[in-house]
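Here is the structure we will look at.
Only heavy atoms go into these numbers, but all of them, side chains included; no hydrogens, no water, no symmetry mates. Position 1 is the first residue of the sequence; numbering continues from there.
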Amino acid sequence: MNFDVVIVGSGLAGLSVALRLPKTYKIALICKRTLWESASNFAQGGIAAVLDPVLDSIEKHVEDTLTAGAGLCDEVATRFIVEHGGEAIDWLINQGVPFSRDQSTQTGYHLTREGGHSERRIIHAADATGHVVQQTLERIIRNSPNIHLFENHFAVDLITSDKLYEDKQPVECYGLYVLNEEEGKVHTFAARHTVLATGGAGKVYLYTTNPDTSTGDGVAMAWRAGCRVSNMEFVQFHPTCLYHPYAKSFLISESVRGEGGLLKLPPDAGADAGMRFMPEHDSRAELAPRDIVARSIDFEMKKRGLDYVHLDISHQNPTFLKEHFPTIYARCLELGIDITKEPIPVVPATHFTCGGVVTDTRGRTDIRNLYAVGETACTGLHGANRLASNSLLECLVIGKTAAEYIASQPEEPFHVLPQWDESRVSNANEEVVISHNWDELRRFMWNYVGIVRTTKRLERAQRRIHLLREEIDEYYANFIISNNLLELRNLVDVASMIVESALLRKESRGLHYNSDYPATFPKAMPTVLTPVKRRTPLAG
């Protein structure tokens, strides 16, 4: 199967690239599950952009991003992305995205404020922005004859020139192998350009707000192909994930605190029950950046032996809450929590991978004709801590520039690629090995590589990752591949990158806090890992 462009991933980053490319291009859109299942679809808060030049400015947005990023943001990339925010929102509006209106404002839209932002600049669609955006773009994608959807297809590995022609420089990407999960067969996709937009790696941890598809596939594939990765130690824990036995990873949006929600101690705190605690940790209180809020909650929980804390917005007007947070209101009510009358029990959970594949502002990686966009990539925008609602902005802006760069390149011939070889493998007879290793990985990552780290815990995690990788590599070499095996293989690669990056950073900065190195260096430097190329066979 030959395509001008193959895009792996169905979130906003991948859809943006697909819809920004010329209609004459033959495009393959690879979706591990359905077109719906991506982290973008679950994004509640909104998209940060300077839309009101009277009350806001590019400089303010840049400064807020740099401050949240704890000195590690790439200022050139940050400014570039922020400057193109208005155009990105205009494009979405032109596609038909129905953002929440407010006729009393100059823009005509309701702009909210979230932690780390000095002004109201978050445009949103109630509290289900990602869902509404995805829904709008999905209709267009499904009606675009040049875009070929491959749902329930899992990208296995990239096909690069150095595996076919050892001496060819620079290294190029020719396409990839893809598992058709319904058939159980691996197909070869040849592509002039390949775009990785697979999202983050939240499933490497036991508790996460991410969907089940967030297994770091793009980062792992790019790493195995020879791309550098950067800043993988900076894993953002969202401060407020709903704590309830029947709620799986349900996020309570940042904008709840932006609209006046207060963090308080629950009844189990004894005499301090109901006490608001964030002012003791930061002068910005509930509007401090996510890393500070998550660490503060973690501190209070561990100090007092709590399972959760309370987020209370019941003092706000009930009508306002139902209008602005209909999804949160409805889901909590299903579970017996009326947010207009009582507080919401919350805990931190893994939410966003700030690091990723090293790219420029056109999505280009170290390998020619291979691109990474969205959470898979590391453009330098997020630094040591992502500013709330900057992620969807990055998807839109870099999605556009990557598409423009691809469209500007001359057409090249397709390469004849070898087919996937399963002649020397057999059906697995011990699937329990995969499920056991998956569970072990996620638990020790949560316990040893969480919000607060120590060198000893990181070294323990590193030793366990080494043992798991040996088992998984042996399994991969001898048995027919499956979805679960591929995800576990990718998660172990990503976990290794996170731990190695965390061990290299001998300071605490942003999302990375090591109690053995609590100080912050005067100068911020990125952590960049360069793979030692492992010469592995192309197939099987």
Where do Ser144 and Asn146 land on the side chain to side chain donor-acceptor pair (under 3.5 Å) test, with the steps shown first?
CA-CA 6 Å; Ser144 299; Asn146 67 312; 4.6 Å; no

Will you find, in the side chains of [X] and [Y], an N or O donor that is under 3.5 Å from an N or O acceptor?
{"X": "Glu375", "Y": "Ser391", "value": "no"}
{"X": "Asn483", "Y": "Glu181", "value": "yes"}
{"X": "Asp127", "Y": "Ser253", "value": "no"}
{"X": "Tyr371", "Y": "His193", "value": "yes"}
{"X": "Glu172", "Y": "Thr160", "value": "no"}

Got a donor-acceptor contact below 3.5 angstrom from the [X] side chain to the [Y] backbone?
{"X": "Thr353", "Y": "Gly355", "value": "no"}
{"X": "Ser296", "Y": "Met278", "value": "no"}
{"X": "Thr350", "Y": "Gly202", "value": "no"}
{"X": "Asp298", "Y": "Ala294", "value": "no"}
{"X": "Asp64", "Y": "Thr67", "value": "no"}
{"X": "Ser508", "Y": "Asn514", "value": "yes"}
{"X": "Arg257", "Y": "Glu286", "value": "yes"}
{"X": "Asn231", "Y": "Thr527", "value": "yes"}
{"X": "Thr359", "Y": "Ala377", "value": "no"}
{"X": "Thr105", "Y": "Asp102", "value": "yes"}

Hey, is [X] close enough to [Y] for a salt bridge, meaning N to O under 4.0 Å?
{"X": "Arg33", "Y": "Asp212", "result": "no"}
{"X": "Glu411", "Y": "Arg192", "result": "yes"}
{"X": "Arg509", "Y": "Glu233", "result": "no"}
{"X": "Asp4", "Y": "Lys26", "result": "no"}

With sequence neighbours excluded, what pairs up with [X] under the ring-ring contact (aromatic ring centres under 6.0 Å, His included) test?
{"X": "His324", "answer": "His110, Phe320"}
{"X": "His131", "answer": "Trp36"}
{"X": "Phe352", "answer": "His382"}
{"X": "Tyr329", "answer": "none"}

Taking the side chain as every heavy atom from C-beta outward, state whether [X] and [Y] have any pair of such atoms under 4.5 Å apart.
{"X": "Glu507", "Y": "His512", "result": "no"}
{"X": "Leu287", "Y": "Arg113", "result": "yes"}
{"X": "Val235", "Y": "Ile498", "result": "yes"}
{"X": "Leu176", "Y": "Asp157", "result": "no"}
{"X": "Ile7", "Y": "Ile30", "result": "no"}
{"X": "Pro348", "Y": "His238", "result": "no"}
{"X": "Leu511", "Y": "Arg295", "result": "no"}
{"X": "Tyr25", "Y": "Ile406", "result": "yes"}

Any idea which heavy atoms bring Ser230 and Val528 closest together, and the distance?
OG-CG2, 3.8 Å

Nearest heavy atoms of Ser501 and Leu529, plus distance in Å
OG-CD1, 3.4 Å

For Glu83, I'd like to know if atom CD has over 12 heavy atoms of other residues, nucleotides or ligands within 6.0 Å.
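It does: Glu83 CD has more than 12 such atoms within range.
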
Out of the candidates Thr376, Thr213, Thr215, only one should pair with Thr198 under the side chain to side chain donor-acceptor pair (under 3.5 Å) rule; please name it.
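Answer to the side chain to side chain donor-acceptor pair (under 3.5 Å) test with Thr198 among Thr376, Thr213, Thr215: Thr376.
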
Using the side chain to side chain donor-acceptor pair (under 3.5 Å) definition, which of the options Arg120, Glu114, Arg121 pairs with His117?
Arg121

Cation-pi check for [Y] against [X]: NZ or CZ below 6.0 Å from the six-membered ring centre and within 45 degrees of the axis, yes or no?
{"X": "Arg364", "Y": "Tyr405", "answer": "yes"}
{"X": "Arg20", "Y": "Trp91", "answer": "yes"}
{"X": "Arg101", "Y": "Tyr109", "answer": "yes"}

Please work out whether the ring planes of His153 and Phe150 are parallel, tilted or perpendicular, with thresholds of 30° and 60°.
perpendicular

Parallel, tilted or perpendicular: which one describes the rings of His415 and Tyr174, with boundaries at 30° and 60°?
parallel

Between Val358 and Thr365, is a side-chain contact (heavy atoms from CB on, under 4.5 Å) present by the stated rule, with each step listed?
CA-CA 6 Å; Val358 175; Thr365 70; over 6 Å; no

Assess the residue pair Leu66 and Leu387 against the criterion (side-chain contact (heavy atoms from CB on, under 4.5 Å)); give the C-alpha distance rounded to whole Å, side-chain angles, the decisive distance to 0.1 Å, and a yes or no.
CA-CA 9 Å; Leu66 298 179; Leu387 181 65; over 6 Å; no

Step by step, work out the side-chain contact (heavy atoms from CB on, under 4.5 Å) result for Val156 and Leu486.
CA-CA 7 Å; Val156 179; Leu486 293 175; 3.9 Å; yes

Set out, in order, the CA-CA distance, both residues' side-chain angles and the distance that settles side chain to side chain donor-acceptor pair (under 3.5 Å) for Gln236 and Asp291, then state yes or no.
CA-CA 7 Å; Gln236 189 174 72; Asp291 61 323; over 6 Å; no

Who passes side chain to side chain donor-acceptor pair (under 3.5 Å) against Gln95, sequence neighbours left out?
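Testing Gln95 for side chain to side chain donor-acceptor pair (under 3.5 Å), a comparison that skips the adjacent residues, returns none.
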
Apply salt bridge (Lys or Arg N to Asp or Glu O under 4.0 Å) to the pair Glu487 and Lys203, showing each step before the final yes or no.
CA-CA 9 Å; Glu487 288 188 331; Lys203 293 295 286 186; over 6 Å; no

Taking it one step at a time, do Glu63 and Lys60 satisfy side-chain contact (heavy atoms from CB on, under 4.5 Å)?
CA-CA 5 Å; Glu63 186 58 35; Lys60 287 183 180 179; 5.7 Å; no

Do the ring centers of His351 and Phe237 come within less than 6.0 Å of each other?
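His351 vs Phe237: aromatic centres not under 6.0 Å.
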
Using the test side chain to side chain contact (heavy atoms under 4.5 Å, CB included), find all partners of Met525 that sit at least two apart in sequence or belong to another chain.
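By the side chain to side chain contact (heavy atoms under 4.5 Å, CB included) rule, Met525 matches Lys523.
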
Go through the steps to decide whether Asn490 and Arg224 satisfy the test side chain to side chain donor-acceptor pair (under 3.5 Å), and finish with yes or no.
CA-CA 10 Å; Asn490 291 336; Arg224 291 194 293 265; 3.0 Å; yes

Are Glu37 and Ser10 close enough, and set up right, to give a side chain to side chain donor-acceptor pair (under 3.5 Å), and what steps lead you there?
CA-CA 7 Å; Glu37 294 184 64; Ser10 60; over 6 Å; no

